[in-house]
2 protein chains.
Amino acid sequence: MGASSTATRPRGVAREENERLILEAAEAVFAELGFKGATTGAIAARAALPKANVHYYFPSKDDLYRAVMARVLDRWLAAASSFDDSDDPADALTRYIAAKMELSRTMPLGSRIFASEIMRGAPAIADHLETTLAAWVADRGAIVRRWIAEGKLAPVDPKVLFMMIWATTQHYADFARQIEVLNGGRPLSDDEFAEATRQVARTILRGVLL
Amino acid sequence: MGASSTATRPRGVAREENERLILEAAEAVFAELGFKGATTGAIAARAALPKANVHYYFPSKDDLYRAVMARVLDRWLAAASSFDDSDDPADALTRYIAAKMELSRTMPLGSRIFASEIMRGAPAIADHLETTLAAWVADRGAIVRRWIAEGKLAPVDPKVLFMMIWATTQHYADFARQIEVLNGGRPLSDDEFAEATRQVARTILRGVLL
DNA sequence: TATGGGCCTGACCGTTTGGTCAACATTGGC
DNA sequence: GCCAATGTTGACCAAACGGTCAGGCCCATA
């Protein structure tokens, strides 16, 4: 199984480059049109590649979709770890909310794909929800309950708290269009977004902190 | 233009019945598969009607989709009026949150269609957002600002507050599948949902009330 | 420069889709 | 019992779809 078993090797350059190109194009198209609405032709066009080439790297549309979802879930897992950077509830929640808001700001497409996936019944990520996500919630839920027992937090179902954080932060990605309209037709500027982040964090903290 | 200008009239009975049947079927199919994923054939099958009959009442898929969206927006506007039932911020917010949660509980499909529509860029309801919704937010935003001036509410951008309410309450409809998984594979019972409603309202009120 | 494997793609195919249409059924008024 | 409007439907079509494939290209090695 060593690197010597195959003859040539430094060829994988084009492969990595094109896979990245296709994944980025697919992320945009899936986010805007949904799974069924997205076409491999549209993804190929956006990646400036022939359709057959897309099918060379990702045999089926479903394979490509799952690869895109995997990338999204990886990013989210990384952001979720910011919850563990502190054992102080105010710190931990502030950091986590900020990290999720930052993701909604810089990578809104993934959030939209995730939302569509859940609304379809989560056929492609059911196992991820049941294993990884459930475990994360169980672990952090225990921390939240400890904070409550220590008198640091108002008694609140950890699931309700996490759901509020997810809902609100992801809303800034999923409903960006609605927010833009209510902001006078202009997307939130960096400053406006930073201010929204601060207010969201402050409101949630006031809501659960003792 | 009187009712006498056309000859016969009491015939519209089948029309109303079938239109309702089709709209309900369409709501379910659009919610689950998205605009592009939904097929007129699937909608017809769910309504137990031939596809051609669906096209008799709604000439195009787009017409049908817009009719479904109009129904959803009507319901939401009705729920939104519960915000005006009281001039006390605690009352008004509690009622509004409860009304939105109730909608998420009893009519989650509409919420999902709305979410998909926004994520597509809101092509079918752009004008509704710019007129009706913007006006609602402007009016109620003024009320919120008055409450803040009166020292009843913490200083918060009304848009941030409304967005948190929409995001959290609609999350219970849009992400019902995720909630179900985190609830041990079982959807929230009536009691669990009522408890979630109470905790959401309490947390948001604590977050903004003085 | 011959060879072989990774890479690339135009042309093609079976299926599904939104939508049409001609023909048929039903109904209430005269 | 006839008529005309309303309602109903199987059969059909052009377009778009996901996916296939034979053949060509490029390049490191021998």
Side-chain angles (χ1 to χ4, degrees), chain A residues 2-23 25-30 32-69 116 120 123-124, chain B residues 2-23 25-30 32-69 116 120 123-124:
Chain A
S4 59
S5 63
T6 49
T8 64
R9 186 44 65 96
R11 214 82 75 65
V13 189
R15 171 161 225 112
E16 281 178 31
E17 166 81 359
N18 281 345
E19 281 185 350
R20 190 182 51 79
L21 231 52
I22 294 168
L23 284 170
E27 192 171 317
V29 177
F30 279 128
E32 190 175 333
L33 284 334
F35 176 76
K36 194 63 195 286
T39 69
T40 56
I43 293 168
R46 192 177 182 103
L49 250 36
K51 192 179 68 165
N53 203 352
V54 169
H55 277 98
Y56 174 74
Y57 288 110
F58 301 93
S60 77
K61 182 181 173 179
D62 211 78
D63 291 329
L64 177 51
Y65 178 75
R66 284 169 194 275
V68 170
M69 277 285 350
S116 288
R120 282 201 307 156
Chain B
S4 60
S5 64
T6 50
T8 64
R9 184 48 64 94
R11 212 81 76 63
V13 188
R15 174 162 222 112
E16 281 178 31
E17 166 81 0
N18 280 346
E19 282 184 350
R20 190 182 50 79
L21 230 53
I22 294 167
L23 283 170
E27 191 170 319
V29 177
F30 279 127
E32 190 175 332
L33 284 335
F35 176 77
K36 194 62 195 284
T39 68
T40 56
I43 293 168
R46 192 177 182 104
L49 250 34
K51 193 179 67 164
N53 203 352
V54 169
H55 276 98
Y56 174 73
Y57 287 108
F58 300 93
S60 79
K61 182 182 174 180
D62 212 78
D63 291 330
L64 177 52
Y65 178 74
R66 284 168 194 273
V68 170
M69 278 285 350
S116 288
R120 282 201 307 155

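A, B, ... follow the sequence lines: proteins, then strands. Residue 1 opens every chain.
Residue B:Y56 has no polar side-chain atom (N or O) positioned under 4.0 Å from OP1 or OP2 of D:dT6. Taking side-chain N and O atoms only, B:N53 has no distance below 4.0 Å to OP1 or OP2 of D:dG10.
Remark: P of C:dT17 and CZ of B:F30 are 13 Å apart, rounded to the nearest angstrom. Between the CG atom of B:D62 and the P atom of C:dG18 there is a distance of 12 Å, given to the nearest Å. Atom NZ of B:K51 is separated from atom C1' of C:dG18 by 6 Å (rounded to the nearest Å).
Nearest approach of B:I43 to B:V29, heavy atoms of both residues: CG1-CB, 3.7 Å.
For B:Y57, the side-chain atoms get nearest to D:dG7 when compared with the rest of D:dG18, D:dG7, C:dG10. Which of D:dG19, C:dG19, D:dT8 sits closest to the side chain of B:N18 comes down to D:dT8. Residue A:K61 has its side chain nearest to D:dG18 when only D:dC17, D:dG18, C:dC8 are considered. Side chain of B:A52, nearest nucleotide from C:dT9, D:dG10, D:dG18: D:dG10. The side chain of B:P50 sits closest to D:dT9 out of D:dG18, D:dT9, C:dG19.
Among the atoms of the strands shown, none is found under 4.0 Å from any heavy atom of A:A42.
At least one side-chain heavy atom of B:F58 sits less than 4.5 Å from a side-chain heavy atom of B:L23. Side-chain atoms of A:H55 and A:T40, non-hydrogen and from C-beta on, do get closer than 4.5 Å to each other. Side-chain atoms of B:F35 and B:D62, non-hydrogen and from C-beta on, do get closer than 4.5 Å to each other.
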